[in-house]
Amino acid sequence: MTTVVPTSEDDPALAVVRFTSELAWADAGPEVAEPQVTRLCMEEQECIVMGRRLDLASLMLTSADLVFSKVSDKDLECIFTVICNLASKLENLDEFEVAKLVSTKITQQPNDKPALRLKILFNLYNLLGAPDSRFFVYMQALNLALNGKVVDHIIPSFKKIDCFLKEWNIGVKDQRNLFLTIANVLKESKSSGKYSFKFLTKYLATFAGEDSYIISEAKEEAVRSVIEFVKAPDMFQCDLLDIPAVAQLEKDSKYALVYQLLKIFLTQKLDAYLEFQAANSTLMKSYGLVHEDCITKMRLISLVDLGSNESGQIPYALIKDTLRINDDEVELWVVKAITAKLMDCKMDQMNQVVIVSRCSERIFGLHQWLSLRSKLATWRGNVASLISTIKANKVVEEGLPAGQGTSTTIR
């Protein structure tokens with residue numbers, strides 16, 4: 001392993017060029033190699049003296065690229081740390097150019113040591129100061145992770161996206177690119193379905209307020225979001241109906257049925273789905289939707305919908321008819337809904353009713369807000385009444401002679 005020992009500010013760069021060029025030309029023999037190494041080192045020194053750091057970085061990258069498969073990962077990391085460090089010594093515009101040059105070179109062969117390449121990009125990101133340079137490198141890292149199939153290495157950084165957005169201060173178009181790329185990265189991770197849907201929804205939300213022509217750009221992704229929601233066995237609530245990019249599908253000749261399917265899953269019950277499926281089974285199959293899985297999801301959704309009535313009670317017979325199941329399956333489906341955390345309830349087997357204390361909402365619009373407001377007002381009134389009762393009892397107790405309070409002593 002080669003150790004780079006700096007003796008001045010630019011010595012590490014010269015050492016990197018010498019080391020990589022010697023290694024690159026080693027197989028050609030000393031008579032051919034020595035003049036080439038000398039030439040490259042002289043070019044490097046000229047770049048250093050003239051302050052041409054972009055050319056310096058380009059020369060170093062060319063040399064490093066030639067030996068990428070010939071040295072250890074530790075040596076490569078050391079070489080690229082020196083190269084990346086050039087960017088930290090430049091003004092914003094020059095920093096961006098060097099960052100662009102380095103990250104573009106790193107991502108050209110995503111299948112060759114992708115994890116190491118991603119680590120180098122992270123090191124470069126941390127050395128940069130300008131927000132636009134950082135954003136560019138992060139996007140390159142996302143694409144490298146996706147193309148190199150090392151998405152698990154970058155997913156932890158998504159927890160900081162909100163902080164990154166504040167730091168980068170990027171425009172709407174860049175936000176769209178970011179959210180859609182993250183959604184694609186997460187789609188490759190089998191355990192991140194909900195997370196992928198979240199960023200896909202963020203992407204679609206950026207089209208709010210745009211004209212119909214621009215919104216139409218998101219049509220394919222809007223369809224994708226609907227299909228992902230319908231397919232997901234653990235997603236029962238979303239705001240897709242309120243997003244203009246999705247709403248455009250309703251009047252689209254090609255995708256109107258997709259929008260209709262979404263409305264069924266968010267506002268209707270099992271019977272509506274069965275009717276739709278009978279008429280559009282080919283469409284369902286074309287999107288990879290499994291009928292049995294859809295029935296399972298719609299049964300759970302329909303059961304929760306029954307629990308939303310004001311009485312808070314659902315007769316077993318109504319559950320049986322709505323879910324189209326046998327008598328002995330009613331309690332099984334109630335348990336499934338509880339397990340999925342869709343509702344809190346108790347089963348009164350004697351009276352054959354389910355007593356609901358809480359159930360999830362598929363959508364949360366104006367009606368749900370008004371209902372919540374009413375419940376909070378009732379709760380507030382009950383609390384106020386309780387406080388008044390406690391205060392009244394306290395006044396009565398304070399007015400009684402000692403030993404004549406309301407408490408009872410057990411002997």
Side-chain angles (χ1 to χ4, degrees), residues 183 186-187 190-202 204-205 221-243 245-247 249 257-277 284 287-310 312 314 318-325 329-347 354-372 375:
L186 289 166
K187 190 178 180 181
K190 295 180 180 179
S191 60
S192 302
K194 271 189 175 181
Y195 215 11
S196 174
F197 181 79
K198 171 186 173 183
F199 280 97
L200 187 57
T201 304
K202 281 178 174 285
L204 295 172
E221 303 308 330
V223 172
R224 171 184 160 186
S225 70
V226 173
I227 301 304
E228 284 192 9
F229 172 74
V230 173
K231 278 185 178 180
D234 56 348
M235 279 197 290
F236 301 92
Q237 189 275 335
C238 74
D239 300 319
L240 289 180
L241 290 177
D242 297 327
I243 298 177
V246 177
L249 302 178
L257 287 174
V258 174
Y259 186 82
Q260 185 181 339
L261 181 63
L262 175 66
K263 288 194 73 173
I264 288 172
F265 272 79
L266 287 177
T267 63
Q268 299 180 52
K269 297 187 179 73
L270 178 63
D271 56 349
Y273 165 73
L274 292 174
E275 183 180 341
F276 177 90
Q277 194 277 335
M284 300 280 289
Y287 285 113
L289 296 169
V290 180
H291 180 48
E292 290 74 15
D293 294 341
C294 290
I295 286 180
T296 297
K297 185 167 182 173
M298 278 305 302
R299 278 177 172 158
L300 288 170
I301 287 173
S302 300
L303 177 56
V304 173
D305 194 65
L306 292 176
S308 300
N309 64 66
E310 294 297 326
I314 319 172
L318 181 58
I319 295 174
K320 173 196 169 186
D321 293 340
T322 303
L323 274 57
R324 300 195 182 190
I325 54 178
E329 294 179 290
V330 169
E331 293 185 355
L332 173 64
W333 282 97
V334 173
V335 171
K336 284 184 178 181
I338 295 172
T339 303
K341 298 182 179 179
L342 293 174
M343 61 195 309
D344 294 331
C345 60
K346 295 179 181 179
M347 289 178 279
V354 175
I355 303 170
V356 180
S357 56
R358 180 200 67 84
C359 62
S360 300
E361 298 284 356
R362 285 184 278 178
I363 56 177
F364 210 90
L366 179 60
H367 174 73
Q368 287 72 28
W369 280 114
L370 291 174
S371 176
L372 179 60
K375 290 177 181 178

Which heavy atom of [X] sits nearest to which heavy atom of [Y], and what is that distance?
X	Y	value
Ala183	Leu200	CB-N, 3.8 Å
Lys320	Ile325	CG-O, 3.0 Å
Leu262	Leu241	CD2-CD2, 3.8 Å
Phe276	Leu257	CZ-O, 3.5 Å
Lys194	Asp234	CE-O, 3.1 Å
Leu274	His291	CD2-CE1, 4.0 Å

So, do [X] and [Y] sit near enough that their side-chain heavy atoms are less than 4.5 Å apart?
X	Y	answer
Glu221	Leu204	yes
Tyr287	Val230	no
Thr201	Asp239	no
Gln237	Val304	no
Ile227	Leu289	yes
Cys238	Phe197	yes
Met347	Val330	no

Sequence neighbours excluded, which residues qualify as ring-ring contact (aromatic ring centres under 6.0 Å, His included) partners of Tyr195? Phe199
According to ring-ring contact (aromatic ring centres under 6.0 Å, His included), who are the partners of Tyr259, at least two apart in sequence or on a separate chain? none
Report yes or no: does [X] contribute a side-chain atom to a donor-acceptor pair with the main-chain N or O of [Y] at less than 3.5 Å?
X	Y	answer
Arg324	Arg299	no
Ser360	Leu342	yes
Lys297	Ala232	yes

Within a 6.0 Å radius of atom CD on Glu275, are there more than 12 heavy atoms belonging to other residues, nucleotides or ligands? no
From [atom1] ([X]) to [atom2] ([Y]), nearest 0.5 Å:
X	Y	atom1	atom2	value
Leu300	Leu323	CG	CG	7.5 Å
Phe236	Met298	CZ	CE	11.0 Å
Ile301	Thr296	CD1	OG1	11.0 Å
Ser308	Leu303	OG	CG	10.0 Å
Lys263	Leu240	NZ	CG	13.5 Å
Thr322	Asp271	OG1	CG	8.0 Å

For Lys187 and Arg224: C-alpha separation, side-chain torsions, deciding distance, then whether side chain to side chain contact (heavy atoms under 4.5 Å, CB included) applies. CA-CA 11 Å; Lys187 190 178 180 181; Arg224 171 184 160 186; 3.7 Å; yes
